[in-house]
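Structure, as structure tokens:
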Amino acid sequence: MAVLTADLDDILEDVFERVTQTRIFKNRDVLLPDYLPDKLPHRETQIRKVASVLAQALRGYRPNNLFIYGLTGTGKTAVVKLVVRKLVEKARERGIRLEIPIINTKRDDTPYRVLAKLIESLGLRVPATGIATAELYARFKKFLDKKGLLMIIVLDEIDYHVKKHGDDLLYKLTRINEELSRSKVSLVGITNDVNFTSWLDPRVKSSLGEEELVFPPYTADQLKDILRERAKTAFVEGALEDGVIELCAALAARENGDARKALDLLRISGEIAQREGSSKVTVAHVRKAWEQIEKDRVVEVVRSLPLHSKLLLYSILTLTKGERATYTGEVYKRYKELTAELGIETLTLRRVGDLISELDMLGIISTEVVSRGRRGMTRMITLESDPEAVRRGLLSDPMVAELAG
DNA sequence: CTTCCACAGGAACCAGCGGACC
DNA sequence: GGTCCGCTGGTTCCTGTGGAAG
């Protein structure tokens, strides 16, 4: 352990030396998830389709509603944003009154907030709460009609909204044109969930699906092209060892052809290489990055859990030790002991069941409803993620740390 | 074949909060 | 300043259920 004997100056000197000497990145930012490139390889047909539907706006007509499906990281949002950017430019040149708000309904996840965003896009401020949603909708309609313009509303990740709040708002928006005299509205819905339409009222479905477009997952080869394209501006020449791009592409292709994941992976591989003072990004760096992404995700998710979920997870962790399975009853018993020890209130079994489901959906644990015959129905619970990462996430909470002693 | 366990998970309801409206 | 509103994060009460034990 040379590190223990070296003195601080030497260590820091060494680290600074390595980090500044080696140059891997030319422009790291182009690998970040929110970077919007002006070239999107293998999305020509989708760009064409979106553009041809929305371009009606340039002639002053209301474009057909458009519905876009595709898994995460297939370029849906990027394509739409790119087309919208150009379209708004053109409309301005031609003096057409066109407004295209893009609303992420996962971030703004209530009907209220969606409407608030819409009103804000018309240039008006809205209180964060306090008004009935129906009233807000009435206001939106009024202001919109007064302005007399063409509005294309892009609702990103719309499946979240509908699953949480139903298709009420969507239904109203698809029919809003009947109540407007001076303005027109088109809708673009974007969803990750391919079976999403089963959640919709048939009338909404047919109206929203005037035009439909599917974004297929990228293949490994296509991901390679995307990564190569970005790598050109992201890395200094010769910084990538042979096979790095191929491996990133292959790993991400396995994850449903997710381009975002592929880009993350490449970026983090580069960061690891840089930190190690290596002059090249190697395949080994990619493998490390892959593990790190998963662990970081787990630590972060666990850290941001509410206290009672953490206590449940802590119960699961100690009961399973990362190996065997446990059951709802066992977990609840352990959980009650923990809350008693901390002197805090205990949630009901009903609520705990929901919290366990949430942990399952987050991918931290996996559960399966099983019958143990006379011993009743229960959920079989196994820890799905790296126990060390889970422990780290949990111990960052002072309450849990107190329990662990 | 029937019983019966130990929960799953739906439905309805509630308290408290922050904030706008009148 | 009381009232109304939506949201969060709970509770209470309830009906449903797969399969080992009897």
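In the text below, chain A, chain B and the rest are named by the order of the sequence lines, each starting its count at 1.
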Just checking, Arg379(A) and Tyr327(A): is the charged tip under 6.0 Å from the six-membered ring centre and within 45° of the axis? no
note: Tyr327(A), atom OH; dC7(B), atom C1'; distance rounded to Å ~ 13 Å
Tell me: CG of Leu305(A) to P of dG9(C), nearest whole Å? 12 Å
At what angle, to 10 degrees, do the two end axes of the helix from dC1(B)-dG22(C) to dC22(B)-dG1(C) meet, given five pairs define each axis? 20°
Roughly, in whole Å, what's the span from CE in Met377(A) to C1' in dA8(B)? 7 Å
Within less than 4.0 Å of OP1 or OP2 of dA20(B), is there a side-chain N or O belonging to Arg139(A)? no
Interatomic distance where CG belongs to Leu115(A) and C1' belongs to dC5(C) [whole Å]: 15 Å
Under 3.5 Å: donor-acceptor pair, side chain of Lys310(A), backbone of Arg303(A): yes
For atom CZ of Arg113(A) and atom C1' of dC5(C), their distance in whole Å: 14 Å
In this structure, how many angstroms lie between the P atom of dC7(B) and the CD1 atom of Ile381(A), rounded? 10 Å
Atom pair distance, as rounded to whole Å: CG in Leu136(A) and C1' in dG19(B): 14 Å
Below 4.0 angstrom from OP1 or OP2 of dC5(B), is there any side-chain N or O of Thr378(A)? no
Under 6.0 Å between the ring centres of Phe215(A) and Tyr69(A)? no
Partner residues of Arg28(A) under the salt bridge (charged side-chain N to carboxylate O under 4.0 Å, His left out) criterion, sequence neighbours left out: Glu271(A)
Residues in salt bridge (charged side-chain N to carboxylate O under 4.0 Å, His left out) contact with Lys39(A), at least two apart in sequence or another chain: Glu229(A)
Of the nucleotides dC21(B), dG6(C), dA8(B), which one has an atom closest to the side chain of Arg379(A)? dA8(B)
Only distances under 3.5 Å count here; give the side-chain donor-acceptor pairs of residues 56-63 of chain A to other protein atoms, sequence neighbours excluded, each with its distance to 0.1 Å.
unit_1	atom_1	unit_2	atom_2	d
Arg62(A)	NH1	Asn65(A)	OD1	3.2
Arg62(A)	NH1	Val185(A)	O	3.2
Arg62(A)	NH2	Glu210(A)	OE1	3.3
Arg62(A)	NH2	Glu210(A)	OE2	3.4

For Thr191(A), is there any backbone N or O sitting under 3.5 Å from a side-chain donor or acceptor partner on Asp159(A)? no
Distance under 6.0 Å and angle within 45° of ring axis: Lys261(A) vs Trp290(A): yes
Can I get a per-line list of side-chain donor-acceptor pairs under 3.5 Å for residues 95-103 of chain A, giving both atom names and the distance, sequence neighbours left out?
unit_1	atom_1	unit_2	atom_2	d
Arg97(A)	NE	Gly148(A)	O	3.2
Arg97(A)	NH2	Lys147(A)	O	2.8

Quick check on contacts: within residues 334-371 of chain A, what sits under 4.0 Å from DNA chain B by heavy-atom distance? Arg350(A), Val369(A)
Nucleotide nearest Thr328(A) when distance is taken to its side chain, options dC7(C), dA8(B), dA21(C): dA8(B)
Arg375(A) has an atom CZ; how far is it from atom P of dC4(B), in whole Å? 18 Å
